[in-house]
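Both counts, for ligands and for their atoms, begin at 1 and track the order of listing.
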Amino acid sequence: MEKTRENYLAWVRDAHAMEEQAVTMMTGMIGRLENYPTLRERLQQHVAETEQQADALKSILEGHETENSMLKDTIGMAMAKGQALSGLFVSDEIIKGLMASYTFEHMEIAAYRVLIKTAQKLGETEAERVFVKSLAQEQAMADFLADQLEPTTGAFIAREEADLTAKR
Ligand code: MG
Ligand code: FE
């Protein structure tokens with residue numbers, strides 16, 4: 001199971017980078033959202049969850065290795081900042097942000113499902129419990145965002161037609 005353990009640790013590290021990226025992306029979005037309070041409030045709630053997820057992944061990593069290679073995290077965060085900033089230059093940033101967030105949550109769901117299966121193979125029951133909890137949070141957020149697609153699009157169109165700020 002040596003190879004499996006190596007893969008497992010790499011995937012936990014990737015997941016940690018993913019969660020750090022999620023915090024940066026969502027924080028950037030929250031900072032600009034003005035006219036979509038439902039979305040803003042849920043994002044704020046999910047940022048808090050995401051910070052806990054990142055901490056939990058870090059603890060799991062620290063339990064397995066002494067040397068820390070968090071280089072990937074730095075790259076991921078730089079990418080997330082770029083993504084967050086790119087919203088400033090588009091006229092429909094709320095729609096693009098919503099679509100990107102919906103996509104991102106599904107990437108997270110996939111990551112935790114892979115981690116759960118691998119943790120089961122390795123008998124990492126404590127870690128498995130952590131991943132199952134995070135998976136439920138990602139699924140809930142994905143469901144929320146899915147439900148927001150039509151109403152947010154409707155609100156965006158209505159605001160545009162009324163010459164109100166629609167993009168955020
Ligand atoms: Mg997450
Ligand atoms: Fe998430």
Side-chain donor/acceptor of Asn35 to backbone N/O of Thr165, under 3.5 Å: yes
Donor-acceptor pair, side chain of Arg168 and main chain of Glu34, under 3.5 angstrom: no
Presence of N, O or S from Glu19 under 2.8 Å of the Fe ion (ligand 2): no
Atom of Glu138 nearest the Fe ion (ligand 2) (restricted to N/O/S, atom name only): OE1
Residues forming a salt bridge (Lys or Arg N to Asp or Glu O under 4.0 Å) with Asp147, sequence neighbours excluded: none
With a 3.5 Å cut-off and sequence neighbours excluded, list the donor-acceptor pairs that the side chains of residues 98-114 form with protein atoms.
unit_1 : atom_1 : unit_2 : atom_2 : d
Ser101 : OG     : Gly97  : O      : 2.7
Thr103 : OG1    : Met99  : O      : 2.8
Glu105 : OE1    : His46  : NE2    : 3.4
Glu105 : OE2    : His46  : NE2    : 3.3
His106 : ND1    : Tyr102 : O      : 2.7
Tyr112 : OH     : Glu19  : OE2    : 2.6

Sidechain-backbone polar pair: Lys167 side chain, Val90 backbone, donor-acceptor under 3.5 Å: yes
Non-hydrogen side-chain atoms of Met1 and Glu6 separated by less than 4.5 Å: no
N/O/S atom of Glu49 inside 2.8 Å of the Fe ion (ligand 2), strictly under: no
Leu39 vs Ile94 side-chain heavy atoms within contact, under 4.5 Å: yes
Distance criterion under 2.8 Å: protein N/O/S atoms around the Mg ion (ligand 1): 5
For the Fe ion (ligand 2), the closest N/O/S atom belonging to His46: NE2
Among the N, O or S atoms of Glu108, the one nearest the Fe ion (ligand 2): OE1
By salt bridge (Lys or Arg N to Asp or Glu O under 4.0 Å) - contacts of Glu161 (at least two apart): none
The Fe ion (ligand 2) - closest N/O/S atom in Glu105: OE1
Pair Lys133 + Glu138, salt bridge at N-O below 4.0 Å: no
